[in-house]
Amino acid sequence: MTKILATKKSKLLPRVGRSIVVRDQKIAIFQISDGRIFAIEDFCSLTNGPVLEGIVSGEYLYEPMREYKISLVDGRIQEPDEGQLKTFPLEVVEDDIYVEV
């Protein structure tokens, strides 16, 4: 895995996604209300669309088209739906956010 500088922590807004592209892969970065930051692929296989504009509640992201409930922690789409989005490890060093790809 390679660490890539993704964005600055100071550029994030709580519960608002920020899009980056790393090696032709779109990744959405979210900071939740308690300050933790997560990176998840910006593509839902159930809708074939992006998740960036979804609504964040706690550790979950509600996909914007059909409101599938997706865990930001592990990428699992919650029951009664099923599926998995790829998540990416992050490292925060001062204001820099690195994504491992």
Side-chain angles (χ1 to χ4, degrees):
M1 289 200 150
T2 304
K3 289 183 189 176
I4 306 275
L5 178 61
T7 190
K8 301 281 188 184
K9 187 175 178 184
S10 58
K11 291 185 177 183
L12 298 180
L13 297 172
R15 303 182 326 182
V16 175
R18 182 167 184 87
S19 180
I20 64 165
V21 177
V22 176
R23 296 184 181 160
D24 296 328
Q25 180 156 7
K26 290 184 178 180
I27 299 172
I29 298 178
F30 293 94
Q31 182 176 29
I32 64 175
S33 298
D34 68 7
R36 288 181 292 156
I37 300 169
F38 297 95
I40 192 165
E41 70 179 309
D42 189 14
F43 178 77
C44 177
S45 59
L46 298 179
T47 62
N48 290 322
V51 298
L52 181 68
E53 300 296 326
I55 296 170
V56 175
S57 178
E59 294 181 341
Y60 294 95
L61 171 67
Y62 290 85
E63 188 276 333
M65 294 177 68
R66 302 269 194 283
E67 295 190 351
Y68 296 120
K69 185 178 179 184
I70 304 165
S71 169
L72 289 169
V73 176
D74 61 16
R76 288 192 182 145
I77 298 173
Q78 305 299 293
E79 293 182 0
D81 305 299
E82 54 187 53
Q84 178 87 34
L85 276 71
K86 184 175 181 179
T87 57
F88 299 88
L90 288 174
E91 181 179 355
V92 180
V93 179
E94 296 180 13
D95 194 40
D96 294 334
I97 298 174
Y98 295 89
V99 176
E100 290 185 23
V101 292

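Values in this document were obtained by computation on a predicted structure and should not be read as measured data.
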Would you say the side chain of [Y] lies within less than 4.5 Å of the side chain of [X], judging by non-hydrogen atoms?
{"X": "Pro50", "Y": "Lys26", "answer": "no"}
{"X": "Glu100", "Y": "Thr2", "answer": "no"}
{"X": "Val101", "Y": "Arg23", "answer": "yes"}

Determine the minimum heavy-atom distance between Ser57 and Tyr62, stating which atoms define it. CB-CE1, 3.9 Å
Compare every heavy atom of Phe88 with every heavy atom of Glu41, then report the nearest pair and how far apart it is. N-CE1, 3.7 Å
Donor-acceptor under 3.5 Å ([X] side chain, [Y] main chain):
{"X": "Asp96", "Y": "Lys8", "answer": "no"}
{"X": "Gln84", "Y": "Asp74", "answer": "yes"}
{"X": "Asp42", "Y": "Leu52", "answer": "yes"}

Going through the distances and angles, do Arg15 and Gln31 end up as a side-chain contact (heavy atoms from CB on, under 4.5 Å)? CA-CA 6 Å; Arg15 303 182 326 182; Gln31 182 176 29; over 6 Å; no
With a 4.0 Å cut-off on N to O distance, would you call Glu59 and Arg36 a salt bridge? yes
Value rounded to 0.5 Å, distance of [atom1] in [X] from [atom2] in [Y]:
{"X": "Arg76", "Y": "Ser71", "atom1": "CZ", "atom2": "OG", "answer": "8.5 Å"}
{"X": "Lys9", "Y": "Leu90", "atom1": "NZ", "atom2": "CG", "answer": "11.5 Å"}
{"X": "Ile27", "Y": "Ile20", "atom1": "CD1", "atom2": "CD1", "answer": "4.5 Å"}
{"X": "Ile37", "Y": "Arg18", "atom1": "CD1", "atom2": "CZ", "answer": "11.5 Å"}
{"X": "Ser45", "Y": "Lys86", "atom1": "OG", "atom2": "NZ", "answer": "14.0 Å"}
{"X": "Asp81", "Y": "Arg66", "atom1": "CG", "atom2": "CZ", "answer": "10.5 Å"}

Taking atom CG of Leu5 as the centre, report whether more than 12 heavy atoms of other residues, nucleotides or ligands fall under 6.0 Å from it. yes
Considering residues, nucleotides and ligands other than Glu53, do more than 12 of their heavy atoms fall under 6.0 Å from its CD? no
Running the 4.5 Å side-chain criterion over Ile, Leu, Val, Met, Phe, Trp and Tyr, what cluster does Leu46 land in, apart from itself? Phe30, Ile32, Phe38, Ile40, Val51, Val56, Leu61, Tyr68, Ile70, Leu72, Val73, Ile77, Leu85
When you measure from the centre of the six-membered ring of Tyr60, is the NZ or CZ of Lys69 closer than 6.0 Å and no more than 45° off the axis? yes
Hydrophobic clusters here meaning ILVMFWY residues chained together by side-chain heavy-atom distances under 4.5 Å, can you tell me if Val92 and Ile29 are in one? yes
